Every structure is written in structure tokens, then in C-alpha cells.
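This report concerns only the one structure given below.
Numbers restart at 1 for each chain; the letters A, B, ... are given by sequence-line order, proteins then strands. All values derive from a computational prediction rather than experimental measurement. The figures that follow rest on heavy atoms only: side chains count, while hydrogens, waters and symmetry mates do not.
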Amino acid sequence: MWSILYYLRNNPEKLRWSQRARFEDENIIDIAIKLDNKWRKVKNEIDQMKHKLNIVSRKIPRLKDDEYRRAVKEARTLSNIIKQKEKLLSDLSLKREKILRSIPNIIHESVPVGRDETENRPIRYWGKPKVSKKFLDLFLKENGKYNVKYEVTDQNFIGHADLVEQLGLADVRKAGQVAGARFFYLFTDLVLLEMALIRYAIDFLLRKGFVLVEPPFMLRRKPLEGVISFEDFEDMIYKIEKEDLYLIATAEHPLAALHMNETIPKKDLPLLYAGISPCFRKEAGAHGKDTKGIFRVHQFIKIEQFVYSLPEESWEWHEKLIGYAEEIWRELEIPYRIVNICSGDLGAVAAKKYDLEVWMPAQGKYREMVSCSNTTDYQSYRLNIRYSVSRGGPSEGYVHTLNSTAIATTRALTAIIENYYVPEEKKIRVPKVLKGYLESYSDLLNVLVLD
RNA sequence: GCCGGGGUGCCCGAGUGGACUAAGGGGUGGGCCUUGAGAGCCCAUGUCCUUUAUGGGACGCCCGGGUUCGAAUCCCGGCCCCGGCGCCA
């Protein structure tokens, strides 16, 4: 049974608590309960009337003359009453479904309760960030109370936006003229580095047992509604004019839709998919944020981890997915921290979310590179994805779905650029794990150095 | 884009206005049989509702409307798939 409906009928207090933790309307739960009860009552009434009608209707072909006419008349009357009542029911049913779907995912107990991103909780650190003196206070204020090693330096780091321009790696200004803000042209070195990142992430996930998928880059509204919430539509989704098609904002969307309306045999779970796709985002809710460079852009390429799991295994998988992302960033040798996103900052879809934030020396901050969510049955309910004991058997419940970034190219590039820039040489060193992918181009590289 | 054919359960496939069961086969789960396996036989195998019943009921044949006492079946609109033509990286 869908968890929202289960708790609505058996333990509504849990839903009220979740709503409170999210700083969202608690009354919606009681409205939903009332609507659900009313709907069930009316449905039951109609079912009984339909039963009567079916009995009359079925005997009609065996009747003659007066009996026949009487029965038809009775059936007609019943039929009309039912039709009227059904209008009420379909109305109720729509309202009920709408309100049920508007309830955000139930937050997990381990999610810190907090109002906004300032209350997100760092849970572990890796690496030793180099902190410029001018950022030290800020750094300590945010991270000082946690177990973090760091190194104070006199060095003044240059931001990636300035670097790519100075080194001729990208042209954001020209892209602005031809496409608008938050677009970019990347040139040889950066494109090759991007390709290397992609190849690296793909190879990494293939070794972990993921099935590599290139999904549709556009989706119809129906499947998209199953994987994102209404706000997401407004804030991030581009629509194709005059068609029922939307550009995907991440491979998560088509990967979740891959098993739409299916019942998956238990023994096939978990299903692990590594998606590769471009991602298109309006970034509508981000005016003025990260306007320079290629940190926050309208399009990028992303390698995404996506898992369908049994409900009882999804929390284990959540830890594994963030673990894989961490492995990737450890291998790239860039300091990071893992943040447990607090209740108020959690989107409607996720029950719990970890961000992996890497150290950006020029900003003096950790910045999000990876977002790893357990969406439990939020998406699987909407997309009708269940699991069963055996192939073709009756379903036992909804699967859980999880998603996590492996590598989002433009962001990963900014992290590499800032962390691997060697000012004395005006060069960018290539992380060890990527060298193998770039060796064959070594004589063509202008700014990247393989050592 | 145009013309033609099609969409039935987990799969194949019958059914073109009314049998209180969507035939039949396959798959899957369980049982019987067997020293064990296989074969064979039996049962089960969509969703929802029902103040919980070895119970009862509604719905379900691509989606949405309509006609009818009654629709998988007839009508209208949409989506998708296959074939042919056109266009095309």
C-alpha cells in the first residue's frame, strides 16, 4: 500500500509530524482524511447500486412483454441515478487524488529538523581544504564545530569564472549574446576534460554493476508528473512549444519512468541504472545566484545513479549511493563534506537527501556537486511501479526509488579548475584518475597538464 | 507529413451488443504424485471498495468522452505501435 494512504488511514499523526517538520500546512492531513472517508462512503453506495442494476440488466434478455418493459424501466431509472451520483464521485475522486498527491514525501526520522539551508547538517568531512585567510572566519563559523582538518594559506585563489576566461577555456560572454545568460561555449581542453570525466564516471559505475542507459532527453507530461512536483515544473522544466514534450532536467526523470506501469519480480530487485544525458534547467528560482561562469547553467551533462529497490532495502541503498559518489570525489582528490539536508530544505519528492559538497577555494565555501535522495514510494506510486513475489504475480507493494548524481559535468569542471590550478605555470593539472582518458591528446592540450 | 493495418491480463491469443466466469495456451507461485527430478493432475495468479469476511461487491480489454437497461464489442476525439511512400543526420 502507498505509504501516504497507509498512514492517513492508520497513523495520521506521523503525517502531521512530517508536515510540521517541513514547516508546511498540517491541516491538509485532516482534509485528506475527510475526503478519503467521504470518497469511500460514496464509492460503496454506488457500488451497491451498480450491483442492483447489474442484476436487473442481466435478466432483461430473458424477459418478455410486461416483465421486460418493467425491468427496462427500472434499470433506466437506476442507471440515471447512478450517473448522477457518479458525477459526485468523480468530483470527489479528483479532489481526493489531488490533495493526496499534494502531500510531500514523509520525512525520515534521521533528517534534521530545520527551517532552511542554514540548518543543514554536515555529517562527515574528507580531505584537507586549503582555506585562504580571508575566508577563515567564515569557514570556521560553518565547519569549526565539526571534525574537519584544514590548512590555512596566504594563497589567493582565482575563481573558475575568471580562470576559464583568462585561459581561453570557455566563452560565457559570447554565449550570453547568442543564447542568453547561463549558457557557455567550452573549448578543446575543457571539452576533453569533460569527456574524460564522463568516461571516468561511466567506467566507475559499470564496475559497480550498473546498467548504462542513454534515455530519452524529452518526456511527456504524464511521466514527468510522476517524478517531479509542481514547483519543479515551474522552476526547472523547459517545454517544447505546441507538443506534449518537456526537456529533461536530469536522467533521473526518464530512468524513473523506464518501468512506469510495471510490476517487477522481487528477485530482479535492486535494479541499478547509470544514466547519461544532457540536463536542461530553467533555474527560475535562482535569480542573481552564481551568475558568473559555468557553475549554475541551463544545460550540462550528467551521469546519474538510479536505483529501484525493495522498500526494506532502500535506506541501505541510500547510504551506498552516497558512498559511490564519495568514492568518485575521493579519487578526484578534492576535499568534500557530506551534508544531511534538513527538513525545511528538502524537496517534496525526497524523504531524505544528502548533498556532497566540494571545497571551492576561491569562494571559500563548500558547494553542491552531488545530490543523493531516497524518494521512497513518492515516484513509484505516481508512476505505478510495484513489485511482486514472482513474474506476473500479484503485487506486494510499491518499489522504492533512489537517485544520486555521479558527475555533473560543468560543476565538476569548476571544482577541478579551482582546485587543480597551478598559478605559477598558468596551467591546470589533471586529476590522476582522469589522466588515462587524456593521454592520447597530450600534444593537443593547451592549458591542461598531465605531468 | 500522407496512406494502410493494428493495440485484449505477466506473455501469446480468441471474442464484433447480453451465458452471473474475458475462451484456450504459456509463464509464475503453491499443492498432489515421486526416493529425487521431470511428466501428469489440482488450486492460485489485475485494481479498488466493504466497522474483516474460508465472505460480498464494483471496476478492468491503449487513454478520454458518448450511445444503450447493458459496451472488449457501436460512435466521436486523442496517444502509441507495425508496414508502405515522402523527407532526413
Nearest listed nucleotide, side chain of A:D47, among B:rA58, B:rC69, B:rU47: B:rA58
Assigned partner base of B:rU16, Watson-Crick or wobble definition, under 3.5 Å: none
Check against salt bridge (Lys or Arg N to Asp or Glu O under 4.0 Å), A:E67 and A:R70: CA-CA 5 Å; A:E67 277 188 318; A:R70 233 181 297 131; 5.8 Å; no
Set of salt bridge (Lys or Arg N to Asp or Glu O under 4.0 Å) partners for A:E368, sequence neighbours left out: none
Partner nucleotide of B:rA58 by Watson-Crick or wobble geometry (both distances under 3.5 Å): B:rU47
Salt-bridge contact A:K208-A:E327 (side-chain N to carboxylate O under 4.0 Å): yes
Any donor-acceptor pair under 3.5 Å from A:N105 side chain to A:T375 backbone: yes
Nearest-Å distance once atom P is located in both B:rU16 and B:rC62: 15 Å
Sugar-phosphate only, base, or nothing, as touched by A:S395 at under 4.0 Å among non-hydrogen atoms: sugar-phosphate
C1'-based separation of B:rC59 from B:rA22 [nearest Å]: 14 Å
Closest nucleotide among B:rG70, B:rU28, B:rG57 to the A:S390 side chain: B:rU28
G-U wobble or Watson-Crick pairing nucleotide for B:rU73 (cut-off 3.5 Å, both distances): none
Who pairs with B:rA37 - Watson-Crick or G-U, where each distance is under 3.5 Å: none
Given B:rA58, B:rG18, B:rU50, the nucleotide with the shortest approach to the side chain of A:R58: B:rA58
Nearest-Å distance once atom P is located in both B:rC87 and B:rA14: 37 Å
Short side-chain to backbone donor-acceptor contact, A:H253 and A:V227, under 3.5 Å: no
Spacing of the P atoms in B:rU8 and B:rA23 (rounded, Å): 16 Å
P atoms of B:rG17 and B:rG30, separation to the nearest Å: 42 Å
Which nucleotide in B:rC48, B:rC69, B:rG57 has an atom nearest any side-chain atom of A:H51: B:rG57
Selection from B:rG70, B:rC79, B:rC48 that lies nearest to any side-chain heavy atom of A:S57: B:rG70
Same-atom distance (P) from B:rC75 to B:rU50, integer angstrom: 38 Å
Salt-bridge present (A:R115, A:D345; N to O < 4.0 Å): no
Short side-chain N/O contact from A:N54 to OP1 or OP2 of B:rA58, under 4.0 Å: yes
Pairwise P distance for B:rG38 and B:rC33, with rounding to whole Å: 15 Å
Pairing partner (Watson-Crick or G-U wobble, both distances under 3.5 angstrom) of B:rG83: B:rC3
Along RNA chain B (nearest heavy atom to each residue), the more 5'-positioned of A:E396 and A:K267: A:K267
Phosphate-side-chain proximity, A:S388 and B:rC10, N/O vs OP1/OP2 below 4.0 Å: no
Separation of the C1' atoms in B:rU35 and B:rC12, to the nearest angstrom: 38 Å
